[in-house]
**Q** 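Could you have a look at this structure, given as structure tokens, before my questions?
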Amino acid sequence: MLVHPQFDPVALSLGPLAIRWYGLMYVAAFLAFIVLGRIHARRRPDMGWNRDMIDDLLFYGILGVIVGGRLGEIVFYQPGYYLSHPAEILAVWKGGMSFHGGFLGVLAALAWFARKTGRTFFQISDFVAPLVPIGLMFGRIGNFINGELWGRPASPDLPWAMVFPHVDAVARHPSQLYQAAGEGLLLFALLWLYSAWPRAVGKVSGLFLSGYGALRFAAEFFRTPDPGIFSGLPLDLSTAQWLCVPMILAGLWLLLRRNN
């Protein structure tokens with residue numbers, strides 16, 4: 001049975017400035033987006049992307065991730081807490097970013113970018129989809145370093161079961177690492193291979209939606225669920241699982257629909 005290392009959330013201190021691991025994971029995610037985007041543009045010149053367009057898109061995406069992710073955490077998971085502690089709303093360096101909120105924020109950013117460049121929404125999202133999972137992987141590694149979003153209790157006989165001492169003495173699934181492997185590496189591999197050749201518009205986006213939705217839905221069975229606003233609904237599903245259902249359905253519709 002393993003024990004969580006209890007990392008110091010501050011990676012580096014420069015006088016009064018504290019650089020946190022969680023923030024560094026976001027920087028790594030954005031750098032990965034640029035590097036992978038340039039590689040993707042070179043291997044798929046038919047999509048018509050260049051460095052300047054990728055850099056501009058990243059700017060819009062960062063706004064969508066940060067604003068949407070924070071609003072999603074507030075609205076979907078902890079509305080009561082943030083109503084009582086409004087000063088905490090801007091404290092994004094402490095964590096508390098919802099994927100589904102960030103996803104909606106990015107959708108808005110892509111729509112804005114599509115209108116600005118005269119492309120269709122799915123032309124933009126099909127290019128972006130393979131670039132996202134590695135960033136999600138870095139985010140989950142940040143969660144693990146912070147010792148947050150820990151897993152459900154596991155059998156002590158499980159070789160990789162882990163105790164999070166700041167939580168309790170119970171052996172748990174290191175669900176952050178499960179998600180880093182599934183929604184990160186596995187989803188990246190699937191999308192990177194699938195997008196290597198021309199596909200009908202919307203298909204790559206469909207694979208991302210259905211793939212992420214299914215992998216996150218499954219991971220929630222190993223993760224201690226956040227209460228959220230949908231946790232009281234039937235079937236004993238978590239809020240995140242309910243939010244994944246429309247993603248899976250929309251993704252399957254894009255994958256299965258006939259393109260004229």
**Q** Rounded to the nearest 0.5 Å, how far apart are CG of Leu71 and CD1 of Ile66?
**A**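 Atom-to-atom, Leu71:CG and Ile66:CD1 are 11.5 Å apart.
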**Q** Working note: Glu220 + Arg223, criterion salt bridge (Lys or Arg N to Asp or Glu O under 4.0 Å); need CA distance, chi angles, decisive distance, verdict.
**A** CA-CA 5 Å; Glu220 285 289 311; Arg223 168 178 163 174; 3.8 Å; yes
**Q** Would you say the ring centers of His100 and Phe76 fall short of 6.0 Å from each other?
**A**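 Centroid distance His100-Phe76: not below 6.0 Å, so no.
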**Q** Look only at the side chain of His166 and the backbone of Gly147, and say whether a donor-acceptor pair between them is shorter than 3.5 Å.
**A** yes
**Q** Test side chain to side chain contact (heavy atoms under 4.5 Å, CB included) on Phe144 and Met162 and set out the steps.
**A** CA-CA 11 Å; Phe144 180 76; Met162 181 171 290; 3.6 Å; yes
**Q** Could you tell me whether a side-chain N or O of Ser175 sits under 3.5 Å from a main-chain N or O of Leu149, the two making a donor and an acceptor?
**A** yes
**Q** Answer yes or no: is there a donor N or O on one side and an acceptor on the other, between the side chain of Arg38 and the main chain of Arg51, under 3.5 Å?
**A**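 No.
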**Q** Side chain of Trp192, backbone of His40: donor and acceptor closer than 3.5 Å?
**A**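 Such a contact is absent between Trp192 side chain and His40 backbone.
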**Q** Examine distances only and state if a side-chain atom of Asn50 and a backbone atom of Asp52 form a donor-acceptor pair shorter than 3.5 Å.
**A**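 Judged by distance alone, yes, a pair lies under 3.5 Å.
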**Q** Would you please indicate yes or no on a ring centroid separation below 6.0 angstrom for Tyr212 and Phe103?
**A** no
**Q** So, taking the atom named OH in Tyr194 and the one named NZ in Lys203, what distance separates them when rounded to the nearest 0.5 Å?
**A** 6.5 Å
**Q** Do side-chain atoms of Ser13 reach the backbone of Ala18 as a donor and acceptor pair under 3.5 angstrom?
**A** no
**Q** Can you tell me if Phe7 has over 12 outside heavy atoms packed within less than 6.0 Å of its CZ?
**A**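 Correct, the count exceeds 12.
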**Q** Can a donor-acceptor pair be found, under 3.5 Å and without considering hydrogens, that links the side chain of Gln176 to the backbone of Arg140?
**A** no
**Q** Donor-acceptor check, side chain of Asn143 to backbone of Glu148, threshold 3.5 angstrom: yes or no?
**A**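 Checked: no pair found.
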**Q** Given 3.5 Å as the limit, does a donor-acceptor pair link the side chain of Arg216 with the main chain of Ala240, or not?
**A**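 Pair absent, no side-chain N/O of Arg216 close to backbone of Ala240.
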**Q** Any chance CG of Asp46 has more than 12 other-residue heavy atoms, nucleotides or ligands included, within less than 6.0 Å?
**A**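 Atom CG in Asp46 is crowded, with more than 12 foreign heavy atoms closer than 6.0 Å.
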**Q** Does the structure place the NZ or CZ of Arg115 under 6.0 Å from the centre of the six-membered ring of Trp112, at an angle of no more than 45° from the ring's axis?
**A** no
**Q** State yes or no: do Val167 and Met1 share one hydrophobic cluster built from I, L, V, M, F, W and Y residues joined by side-chain heavy-atom distances below 4.5 Å, directly or via other members?
**A** no
**Q** Do side-chain atoms of Arg172 reach the backbone of Val163 as a donor and acceptor pair under 3.5 angstrom?
**A** no
**Q** Could you check, using the six-membered ring where one of them is a Trp, whether Trp49 and Phe127 have ring centers closer than 6.0 angstrom?
**A**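 Yes.
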